[in-house]
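The figures here come from the full heavy-atom set of this structure, side chains too, leaving out hydrogens, waters and symmetry mates.
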Amino acid sequence: MKLVFSFDSERCTACGACAVACMDQNDIDVEAGQESYRRVFETTEHGKITAVSTACRHCTPAPCAAACPMGCFYKDEETGLTLYDNRSCIGCRRCLAACPWEAVTFRPTGMKKPKVRMEKCHGCLERIRAGLTPACVRVCPTGALTLIKE
């Protein structure tokens, strides 16, 4: 089974609930400058305002995985999600440069001498394995964000 996040911009109101749920689920500290794995914004094209909710697209093949010299990224065989183990991350940011969605973020890992390591959306894998939906999907009030099993 492969899981795919689906987004319908026609249904999105840019309320930001998905980003807030992501921040809560992943203990994102906004005051410390950390960013949510999911971002919501509006764009205007040809006079039409469109709302967008974006995060890691869990690409196949994953450009972030190909760019990482330390092999931090891998595909989860069960779900098809692009996951990571950042314990060997050297903070080179090649994964971020390779990602067409700018879905990789970096955050300090310690208090006195912080090492900056990459992180990104992991699809709320723990929730999925527990039979629950990802936090961002669960809170979307319009159904613009869904998770599809292929």
Side-chain angles (χ1 to χ4, degrees), residues 1-68 72-86 89 91-109 114-150:
M1 149 186 80
K2 181 179 178 190
L3 299 175
V4 177
F5 284 90
S6 176
F7 174 71
D8 182 351
S9 64
E10 295 294 321
R11 300 178 97 180
C12 183
T13 62
C15 70
C18 55
V20 172
C22 176
M23 287 186 275
D24 183 52
Q25 181 71 33
N26 294 291
D27 296 325
I28 303 295
D29 187 350
V30 176
E31 290 178 3
Q34 296 174 356
E35 295 179 24
S36 173
Y37 304 151
R38 179 160 292 283
R39 293 181 302 259
V40 178
F41 58 93
E42 291 180 333
T43 182
T44 304
E45 191 171 306
H46 306 295
K48 181 181 178 192
I49 298 173
T50 302
V52 178
S53 173
T54 186
C56 178
R57 303 287 176 99
H58 301 279
C59 306
T60 301
C64 56
C68 180
C72 294
F73 297 89
Y74 63 96
K75 283 300 219 183
D76 181 64
E77 291 182 23
E78 181 184 347
T79 63
L81 296 173
T82 304
L83 303 178
Y84 62 90
D85 178 349
N86 68 7
C89 178
C92 69
R93 291 176 166 71
R94 289 181 189 167
C95 54
L96 178 59
C99 177
W101 309 107
E102 298 179 357
V104 181
T105 187
F106 289 80
R107 74 160 91 164
T109 58
K115 177 178 179 184
V116 178
R117 291 188 175 160
M118 66 77 197
E119 294 184 353
K120 65 171 212 57
C121 170
H122 42 70
C124 289
L125 187 62
E126 289 179 12
R127 290 182 57 83
I128 290 169
R129 288 190 174 149
L132 302 170
T133 58
C136 59
V137 173
R138 179 180 53 86
V139 301
C140 182
T142 63
L145 191 58
T146 56
L147 187 68
I148 300 169
K149 294 178 185 178
E150 289 187 337

Inset, instruction - Give the C-alpha distance, both sets of side-chain angles, the deciding distance and a yes or no for side-chain contact (heavy atoms from CB on, under 4.5 Å) between Leu147 and Thr133. - result: CA-CA 8 Å; Leu147 187 68; Thr133 58; 5.9 Å; no
Inset, instruction - May I have the step-by-step check of side-chain contact (heavy atoms from CB on, under 4.5 Å) for Trp101 and Cys56, ending in yes or no? - result: CA-CA 7 Å; Trp101 309 107; Cys56 178; over 6 Å; no
Inset, instruction - Please determine if Arg57 forms a cation-pi arrangement with Phe5, meaning its NZ or CZ atom is less than 6.0 Å from the six-membered ring centre and no more than 45° off the ring axis. - result: no
Close side-chain approach of [X] to [Y], heavy-atom, < 4.5 Å:
{"X": "Pro63", "Y": "Cys99", "answer": "no"}
{"X": "Leu125", "Y": "Thr79", "answer": "yes"}
{"X": "Ile148", "Y": "Leu3", "answer": "no"}
{"X": "Thr60", "Y": "Lys75", "answer": "yes"}
{"X": "His122", "Y": "Leu81", "answer": "no"}
{"X": "Phe41", "Y": "Thr54", "answer": "yes"}
{"X": "Cys124", "Y": "Tyr37", "answer": "no"}
{"X": "Gln25", "Y": "Arg127", "answer": "yes"}

Search all heavy atoms of [X] against all heavy atoms of [Y] and return the closest pair with its distance.
{"X": "Gly123", "Y": "Ile128", "answer": "O-CD1, 3.1 Å"}
{"X": "Ala19", "Y": "Val40", "answer": "CB-CG2, 4.1 Å"}
{"X": "Ala55", "Y": "Cys121", "answer": "CB-CB, 4.3 Å"}
{"X": "Gly91", "Y": "Phe106", "answer": "CA-CE2, 4.2 Å"}

Quick check for you: to the nearest 0.5 Å, what is the distance between [X] atom [atom1] and [Y] atom [atom2]?
{"X": "Thr82", "Y": "Phe73", "atom1": "OG1", "atom2": "CZ", "result": "8.5 Å"}
{"X": "Met118", "Y": "Cys72", "atom1": "CE", "atom2": "SG", "result": "4.5 Å"}
{"X": "Arg94", "Y": "Cys89", "atom1": "CZ", "atom2": "SG", "result": "11.5 Å"}
{"X": "Thr146", "Y": "Asp8", "atom1": "OG1", "atom2": "CG", "result": "8.5 Å"}
{"X": "Arg11", "Y": "Ser53", "atom1": "CZ", "atom2": "OG", "result": "14.0 Å"}
{"X": "Cys95", "Y": "Asn86", "atom1": "SG", "atom2": "CG", "result": "10.0 Å"}

Legend entry - Residue pairs fulfilling salt bridge (Lys or Arg N to Asp or Glu O under 4.0 Å) with at least one residue in residues 25-49, sequence neighbours excluded: Glu10-Lys48
Legend entry - salt_bridge(Asp85, Arg117) N-O dist < 4.0 Å: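 Salt bridge between Asp85 and Arg117, a charged N being under 4.0 Å from a carboxylate O: no.
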Legend entry - Stepwise side-chain contact (heavy atoms from CB on, under 4.5 Å) test for Tyr84 and Lys120: CA-CA 8 Å; Tyr84 62 90; Lys120 65 171 212 57; 3.7 Å; yes
Legend entry - Main-chain N/O of Cys22 paired to Asn26 side chain as donor or acceptor, under 3.5 Å: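 Checking the backbone N and O of Cys22 against the side chain of Asn26, a donor-acceptor pair under 3.5 Å is found.
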Inset, instruction - With side-chain contact (heavy atoms from CB on, under 4.5 Å) as the test, would you mind laying out the steps for Gln34 and Met23 before giving the verdict? - result: CA-CA 9 Å; Gln34 296 174 356; Met23 287 186 275; over 6 Å; no
Inset, instruction - Please say whether more than 12 non-hydrogen atoms of neighbouring residues, nucleotides or ligands are located less than 6.0 Å from CD in Glu77. - result: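 12 or below, so no.
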